[in-house]
K.L.:
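Take a look at the following structure, please.
Just so we're on the same page: letters track the sequence lines, and every chain starts at 1. Just so it is clear, the values below take in all heavy atoms, side chains as well, and ignore hydrogens, waters and symmetry mates.
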2 protein chains.
Amino acid sequence: MPAAIRPLEEVLDLLLETFTSDGYDGASLARISEVTGLGKSSLYHHFPRGKVEMITKVLRHLEQQLEQALFAPMRTKESPKKKLDAMLATIDAFYAGGKKACLLERACASVDRAQFRRPLQHVFLVWIAALESLCLEAGVPPDAAKSRAQDALVRIEGALVLAAAINDTAPFRRALDQLRSSLLSK
Amino acid sequence: MPAAIRPLEEVLDLLLETFTSDGYDGASLARISEVTGLGKSSLYHHFPRGKVEMITKVLRHLEQQLEQALFAPMRTKESPKKKLDAMLATIDAFYAGGKKACLLERACASVDRAQFRRPLQHVFLVWIAALESLCLEAGVPPDAAKSRAQDALVRIEGALVLAAAINDTAPFRRALDQLRSSLLSK
DNA sequence: GTCTATACGTGGATAGAC
DNA sequence: GTCTATCCACGTATAGAC
């Protein structure tokens, strides 16, 4: 596979951004073409199955980003508490303090979600697993760790929805604060 | 305004259902026509501004439904605890135990959301206000009541998103359980 | 109020030259 | 790998008869 003019990585970053802000349905090929600087034919060269293939690869790309930015730091030898704080700071920055939407949530609500259900679900499951590990490491009882992890994502996603809907980032900031103080408590 | 063949109320119920399951973007006029049994022209007779007017009226309709089913019962003389339990049971049924999506969340993620931002925001604010009142009545400190109310919606919306994404209603059931046990605590 | 027919734009997707 | 040009389906929306 010869190197493309614009590295695929970079294209995926742009697609991630576009799908996040415009939604999967709202991101038209015309818009995507504009954003990436690639003509439609070029896009179909890289993604023969069209938009479905784009979002699928974007989801994998996002998963890799999360792996590097969130999950990998959680496997270091730092104290769980410090790792939690670091993770929350990263999340805070990633969602611009609650001003930015979440690609995952947007994708869940899209018309064609059935066509990329699996990769979408996978990102959530990986994220939950990472949080569960952290809980276990901090001494949270095994039968409670998974629920805790799921509930953390519930709060993050829900807070992003509400913050956008009422145009107030307070719910998001509180959600992170609450996770900071209670996710790892026994 | 002469009575329509099919009462407008009933049409709005059908639209609510369709927008919820298919999303605003995914609900095409063809589909809406099919579901309601009204031809496209009839739809434009009732909703001259098209889909935007439909969703706007559906949101108002939903607000009235919530008023009757959720908010009005909260203003009775029952104990706050009993009223909370009743509300959670209604919510549980409304979202089919976490299997059904939330129109509000779907609408938030739609392409044309800017065109019905206000009515959408209004439903959230009314709901939050109702929860806040209940908190205050139960003796939750005034400076905490609003946050509590917002956080309750965060959990409900977030749980619906996650439950759908990972195809597991457990997060939703837990969210309601947690609200039952902690929303009104001091 | 409802219907049939249709206009018009834009969506995703392709063909074929370079 | 990228471009221009184009296809077709479907989207919303409208016209005009009944």
Side-chain angles (χ1 to χ4, degrees), chain A residues 1-16 18-59 106-107 109-117 119, chain B residues 1-16 18-59 106-107 109-117 119:
Chain A
M1 182 161 64
I5 295 208
R6 191 191 283 266
L8 186 61
E9 286 281 304
E10 200 176 318
V11 171
L12 288 178
D13 278 334
L14 293 167
L15 288 180
L16 173 58
T18 307
F19 280 132
T20 300
S21 60
D22 298 356
Y24 176 78
D25 300 314
S28 68
L29 282 186
R31 175 75 183 141
I32 292 171
S33 176
E34 196 181 307
V35 166
T36 58
L38 293 170
K40 292 187 186 180
S41 300
S42 305
L43 289 171
Y44 275 92
H45 175 76
H46 293 292
F47 308 95
R49 290 187 308 136
K51 276 177 75 174
V52 173
E53 185 162 353
M54 291 183 205
I55 186 72
T56 303
K57 292 199 169 144
V58 164
L59 287 170
R106 282 283 161 90
S110 81
V111 178
D112 299 328
R113 58 189 178 280
Q115 292 183 262
F116 44 85
R117 205 192 179 306
Chain B
M1 180 161 68
I5 294 210
R6 193 191 279 270
L8 185 61
E9 285 281 303
E10 198 176 318
V11 171
L12 288 177
D13 278 334
L14 292 167
L15 288 179
L16 173 58
T18 306
F19 280 133
T20 301
S21 60
D22 298 356
Y24 177 78
D25 300 315
S28 68
L29 281 189
R31 175 76 183 139
I32 291 171
S33 176
E34 196 181 308
V35 166
T36 58
L38 294 169
K40 293 186 186 181
S41 300
S42 305
L43 290 171
Y44 274 93
H45 174 75
H46 294 291
F47 308 96
R49 290 187 309 136
K51 275 177 73 174
V52 173
E53 187 163 352
M54 292 182 207
I55 186 72
T56 303
K57 291 199 170 147
V58 164
L59 287 170
R106 283 284 160 88
S110 80
V111 177
D112 299 327
R113 59 190 177 280
Q115 292 183 263
F116 43 86
R117 203 190 180 304

K.L.:
What is the distance from NZ of B:Lys40 to P of C:dA7, rounded to the nearest Å?
P.N.:
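That distance rounds to 14 Å.
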K.L.:
Rounded to the Å, how far apart are B:Leu8 CG and C:dT2 P?
P.N.:
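Rounded to whole Å, this separation is 11 Å.
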K.L.:
Send over the distance from B:Arg31 CZ to D:dA9 P, rounded to a whole Å.
P.N.:
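These atoms are roughly 22 Å apart.
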K.L.:
Closer than 3.5 angstrom, by distance alone: can the side chain of B:Lys51 be matched with the main-chain N or O of B:Tyr24 as a donor-acceptor pair?
P.N.:
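Such a contact is found between B:Lys51 side chain and B:Tyr24 backbone.
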K.L.:
Whole angstrom is fine here: how far is it from OH in A:Tyr44 over to C1' in D:dT6?
P.N.:
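Distance, rounded to whole Å: 14 Å.
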K.L.:
Check the pair A:Leu43 / A:Met54 against side-chain contact (heavy atoms from CB on, under 4.5 Å), numbers first and verdict last.
P.N.:
CA-CA 9 Å; A:Leu43 289 171; A:Met54 291 183 205; 4.1 Å; yes
K.L.:
Does C:dT2 have OP1 or OP2 under 4.0 Å away from a side-chain N or O of B:His46?
P.N.:
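Result: yes.
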K.L.:
Report the nucleotide, chosen from C:dT2, D:dT2, C:dG12, that has the shortest atom-to-atom distance to any side-chain atom of A:His45.
P.N.:
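From the listed options, D:dT2 comes nearest.
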K.L.:
Grab the two heavy atoms, one from B:Ile55 and one from B:Val52, that are nearest each other, plus how far apart they are.
P.N.:
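Minimum heavy-atom separation between B:Ile55 and B:Val52: CG2-O, 3.1 Å.
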K.L.:
Please determine whether any donor N or O and acceptor N or O are separated by less than 3.5 Å between the side chain of B:Ser41 and the base of C:dT4.
P.N.:
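Checked by distance alone, the answer is yes.
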K.L.:
Using a 4.0 Å heavy-atom cut-off, does A:Lys51 contact any base of the nucleic acid, only the sugar-phosphate backbone, or nothing at all?
P.N.:
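Sugar-phosphate: the residue A:Lys51, judged by heavy atoms under 4.0 Å, touches backbone atoms but no base.
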K.L.:
Please tell me which of B:Ala27 and A:Leu38 maps to the more 5' nucleotide of DNA chain D, matching each residue to the nucleotide holding its nearest heavy atom.
P.N.:
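Result of the comparison: A:Leu38.
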K.L.:
Could you check whether any side-chain N or O of B:Ser33 sits under 3.5 Å from a backbone N or O of B:Leu29, counting only pairs where one atom can act as donor and the other as acceptor?
P.N.:
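No.
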K.L.:
Atom CD of B:Glu53 to atom P of D:dT12: distance rounded to whole Å?
P.N.:
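The answer, rounded to whole Å, is 15 Å.
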K.L.:
In this structure, how many angstroms lie between the P atom of C:dG12 and the CG atom of B:Asp25, rounded?
P.N.:
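It is 12 Å, rounded to the nearest whole Å.
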K.L.:
Would you mind reading off the distance between B:Leu43 atom CG and D:dA15 atom C1', rounded to a whole angstrom?
P.N.:
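Rounding to the nearest Å, CG of B:Leu43 and C1' of D:dA15 are 16 Å apart.
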K.L.:
Once you round it to whole Å, what is the distance between P of D:dG11 and CG of B:Asp112?
P.N.:
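To the nearest whole Å, that distance equals 14 Å.
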K.L.:
Quick one: does any side-chain atom of A:Arg106 pair with a main-chain N or O of A:Ser21 as donor and acceptor, under 3.5 Å?
P.N.:
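Checked: pair present.
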K.L.:
Nearest to the B:Leu29 side chain among C:dG12, D:dA13, D:dT2, which nucleotide is it?
P.N.:
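Per side-chain heavy atoms of B:Leu29, the pick is D:dA13.
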